[in-house]
Amino acid sequence: QVQLVESGGGLVQAGGSLALSCAASGRAFGTYIMAWFRRAPGKEREFVAAITWSGSSTYYADSVKGRFTVSRDNAENTVYLQMNSLKPEDTAVYYCAANDRGVVATSGNLYDYWGQGTQVTVSS
């Protein structure tokens, strides 16, 4: 069982940066695949980024590739999402998710644990 708590959201102007954190509690954090998803108003939830348990491999949605960076610190039980060059279309509630299936998935259905979400608003 893993509990996830996101932080770091807020309001930023287009072109700015934000850093999100997701603190995990529970057992065996270092064995979980971790991911970030987002849901914009009126839209479906979408995959943003994922990272393997060791942090050696990362995956990104095309819409954020080159602008966002996912990382993790297993000693601190935390996963991060650094967001640069933000655009108004990045406005959404961002969710941290975890799965212990050993599979890096872009479908939220394959993640078993979710945080409560943190709002990111990018003004134009």
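Excluded from the calculations below are hydrogen atoms, water molecules and symmetry mates; all remaining heavy atoms, backbone and side chain alike, are included. Please read these numbers as outputs of a predicted model, since none were measured by experiment.
In this structure, CD1 on I51 lies 9.5 Å from CD1 on I33, to the nearest 0.5 angstrom. Here T118 contributes atom OG1 and R38 contributes atom CZ; the two are 14.0 Å apart, rounded to the nearest 0.5 Å. Between the OH atom of Y32 and the CG atom of D100 there is a distance of 4.5 Å, given to the nearest 0.5 Å.
Transitive grouping of hydrophobic side chains (ILVMFWY, heavy atoms separated by less than 4.5 Å) brings Y94 and V70 into a common cluster. Taken together through direct or relayed side-chain contacts under 4.5 Å among Ile, Leu, Val, Met, Phe, Trp and Tyr, Y111 and V93 form part of one hydrophobic cluster. V122 and W36 fall within the same hydrophobic cluster, where Ile, Leu, Val, Met, Phe, Trp and Tyr residues are linked whenever their side-chain heavy atoms come under 4.5 Å apart, directly or through other members. Tracing side-chain contacts under 4.5 Å through hydrophobic residues (I, L, V, M, F, W, Y), one never reaches F47 starting from L86; they form parts of separate clusters.
Taking every heavy atom of both residues into account, F37 and A105 meet most closely at CZ-O, 4.4 Å.
Side-chain atoms of Y80 do not come within 3.5 Å of backbone N or O of T69 as any donor-acceptor pair. A side-chain donor-acceptor contact under 3.5 Å links E6 to the backbone of Q116. Counting only distance, with no hydrogens or angles, the side chain of S56 and the backbone of S54 share no donor-acceptor pair below 3.5 Å.
Crowding of K65 atom NZ: a count of heavy atoms from other residues, nucleotides or ligands under 6.0 Å exceeding 12.
N74 pairs by the side-chain contact (heavy atoms from CB on, under 4.5 Å) definition with F29, R72, not counting sequence neighbours. Residues passing the side-chain hydrogen bond (donor to acceptor under 3.5 Å, both in side chains) test with N109: none are found, sequence neighbours excluded. Remark: R45 engages no residue in a salt bridge (Lys or Arg N to Asp or Glu O under 4.0 Å) (not counting sequence neighbours).
Relative ring orientation between W114 and Y95 is described as perpendicular, the plane-to-plane angle rising above 60° on a 0-90° scale split at 30° and 60°.
Summarising the hydrophobic clusters (Ile, Leu, Val, Met, Phe, Trp, Tyr; side-chain heavy atoms under 4.5 Å, direct or chained), the residues clustered with W53 are none.
Annotation: side chain of T91 is in contact with side chain of Q119 (closest heavy-atom distance under 4.5 Å). Looking at C96 and V79, their side chains come closer than 4.5 Å, going by heavy atoms from C-beta outward. Within the 4.5 Å cutoff, the side chain of M34 has heavy atoms near those of the L4 side chain.
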Kindly list each side-chain donor-acceptor pair under 3.5 angstrom involving residues 12-25, sequence neighbours excluded, with atom names and distances?
from: S17; atom 1: OG; to: N84; atom 2: OD1; distance (Å): 2.9
from: S25; atom 1: OG; to: Q3; atom 2: OE1; distance (Å): 3.1

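Residue pairs that meet the ring pair (Phe, Tyr, Trp, His ring centres under 6.0 Å) test with at least one member in residues 59-79, sequence neighbours left out, do not exist here.
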R67 and M83: CA distance, side-chain angles, deciding distance, side-chain contact (heavy atoms from CB on, under 4.5 Å) verdict: CA-CA 6 Å; R67 300 188 298 121; M83 306 185 294; over 6 Å; no
